[in-house]
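Quick caveat: nothing in here was measured; it's all calculated off a predicted structure.
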Amino acid sequence: MNSRNDSREPCPDGAQAPAIRLIGIGKSFANGDRTIAVLDDVQLTIEMQAIVGLIGSSGAGKSTLLSIIAGILKPDHGQVCICGAASEEFNDWRSVGYMFQDDRLLPWRSAQRNVEFALEAGSVASEERVRRARAALELVELDAFADAFPYQLSGGMRSRVALARSLVTEPRILLMDEPFSRLDAQTRTAMHEELLRIHRLKRMTVVFVTHDVAEAALLADRVAVMSPRPGTIREVIDIEIARPRDITQPEVTRYMQRLRAAI
């Protein structure tokens, strides 16, 4: 790795600090007797309340980068700043929600109890867990199915439960790793609308990984395009289209073409 990634530039502070700032992020993994560089000198700033997409070819390190932002992985080099604090000093990880590619619902728990699960590791009282889980299910319009088990729910409904579980901690930042990739086109469109509706209500910062240029063009305010491995930020494209957006709009089509060309 280049030594430029050893930089420990201080995080910006104060009320104007961005939601996320990545400074020279590098990451490698051992593979037998080889070391594979996955990320190299990733530089990216994500403002508060923005919706930002991460796209790139397979193996570009998008999910690895998201895991580093979430504190699941540590970078080998560089600095992650969350709301103005270095990630190793950041002490409010409950304000960072994470939605996986799979819904990861526990089959022996009801929808309500699956959402409550996100609160059980902390000190939230059982009555408060119940109240907040029910409110999260109501937010995703699934409160009528609070007692249903995962096998009784459609794919879209399961995704809504997973989204509710990510929202129950009342995050300021929501990280999403291809959360809608396994859904059919109609259900995916419904989940896009749901995410945008919740964003309007809660004004969270959203960062999502996708392979789908249409999804990126429809949802994001900005799209960070990653280069092939080792991944770095090749280009950041602002999507300057008012919402609501539709796949049939010529402007959306033009941005999709631009994103494909950048990848």
(request) Starting from the C-alpha separation in whole Å, work towards a yes-or-no answer on side chain to side chain contact (heavy atoms under 4.5 Å, CB included) for Ser181 and Gln101. (result) CA-CA 7 Å; Ser181 62; Gln101 185 173 2; 3.2 Å; yes
[atom1]/[X] to [atom2]/[Y] distance, rounded to the nearest 0.5 angstrom?
X: Ser166; Y: Met176; atom1: OG; atom2: CE; result: 7.0 Å
X: Leu218; Y: Thr189; atom1: CG; atom2: OG1; result: 8.0 Å
X: Ile25; Y: Leu73; atom1: CD1; atom2: CG; result: 11.5 Å
X: Arg104; Y: Phe117; atom1: CZ; atom2: CZ; result: 11.5 Å
X: Leu175; Y: Met204; atom1: CG; atom2: CE; result: 10.5 Å
X: Leu105; Y: Asp103; atom1: CG; atom2: CG; result: 4.0 Å

(request) Describe, in one word, how the ring planes of Phe90 and Trp93 are oriented to each other, choosing from parallel (under 30°), tilted (30 to 60°) and perpendicular (over 60°). (result) perpendicular
(message) Testing Met48, Arg172, Gln49 one by one against Arg203 for a side-chain contact (heavy atoms from CB on, under 4.5 Å), which residue passes?
(response) Gln49
(request) Pick out which of Ile20, Thr64, Leu44 makes a side-chain contact (heavy atoms from CB on, under 4.5 Å) with Ile69. (result) Ile20
(request) Give a yes or no on whether a salt bridge exists between Arg113 and Glu120, defined as a side-chain N under 4.0 angstrom from a carboxylate O. (result) yes
(message) Do the side chains of Arg158 and Asp102 get close enough for a salt bridge, i.e. N-O under 4.0 angstrom?
(response) no
Within-4.5 Å side-chain heavy-atom neighbours: [X] and [Y]:
X: Met191; Y: Leu163; value: yes
X: Ile72; Y: Tyr98; value: yes
X: Ile51; Y: Leu195; value: no
X: Leu153; Y: Arg160; value: no
X: Ile173; Y: Cys83; value: yes
X: Lys62; Y: Leu66; value: no
X: Ile23; Y: Gln43; value: yes
X: Leu119; Y: Arg94; value: yes

Minimal non-hydrogen separation, [X] against [Y], with atom names:
X: Arg109; Y: Asn114; value: O-ND2, 3.0 Å
X: Pro18; Y: Arg21; value: CG-CB, 4.2 Å
X: Gly156; Y: Leu183; value: N-CD2, 4.1 Å
X: Ala224; Y: Ile233; value: CB-CD1, 4.1 Å
X: Ile263; Y: Ser57; value: CG2-N, 3.9 Å
X: Leu39; Y: Ala60; value: CD2-O, 3.9 Å

Quick check: does any side chain N or O of [X] sit under 3.5 Å from a backbone N or O of [Y], one acting as donor and the other as acceptor?
X: Thr253; Y: Gln249; result: yes
X: Asp238; Y: Glu240; result: no
X: Ser227; Y: Thr232; result: yes
X: Gln152; Y: Phe149; result: yes
X: Asp184; Y: Thr187; result: yes
X: Ser154; Y: Met157; result: yes
X: Arg222; Y: Val52; result: no
X: Arg243; Y: Leu219; result: yes
X: Asp76; Y: Ser28; result: yes
X: Gln112; Y: Ala133; result: no

(message) Tell me whether the count of non-hydrogen atoms from other residues, nucleotides or ligands lying under 6.0 Å of CZ in Phe100 goes above 12.
(response) yes
(message) Tell me if the CZ atom of Arg229 is crowded by more than 12 foreign heavy atoms within 6.0 Å.
(response) no
Following the transitive rule for hydrophobic clusters with a side-chain heavy-atom cut-off under 4.5 Å over Ile, Leu, Val, Met, Phe, Trp and Tyr, establish whether [X] and [Y] coincide in one cluster.
X: Trp108; Y: Tyr151; result: no
X: Val140; Y: Val168; result: yes
X: Val209; Y: Val236; result: yes
X: Val96; Y: Val206; result: no
X: Met99; Y: Leu142; result: yes

(message) side chain to side chain contact (heavy atoms under 4.5 Å, CB included), that's the test. Do Phe208 and Glu215 meet it? Break it down for me.
(response) CA-CA 10 Å; Phe208 68 97; Glu215 186 168 67; 4.3 Å; yes
(request) Kindly indicate, with the supporting measurements, whether the criterion side chain to side chain contact (heavy atoms under 4.5 Å, CB included) is fulfilled by Leu174 and Lys202. (result) CA-CA 11 Å; Leu174 179 60; Lys202 298 296 184 179; over 6 Å; no
(request) Please lay out, stage by stage, how Asp246 and Thr248 fare under the test side chain to side chain donor-acceptor pair (under 3.5 Å). (result) CA-CA 5 Å; Asp246 187 272; Thr248 62; 2.4 Å; yes
(request) Apply side chain to side chain contact (heavy atoms under 4.5 Å, CB included) to the pair Leu259 and Ile237, showing each step before the final yes or no. (result) CA-CA 8 Å; Leu259 290 170; Ile237 297 173; 3.7 Å; yes
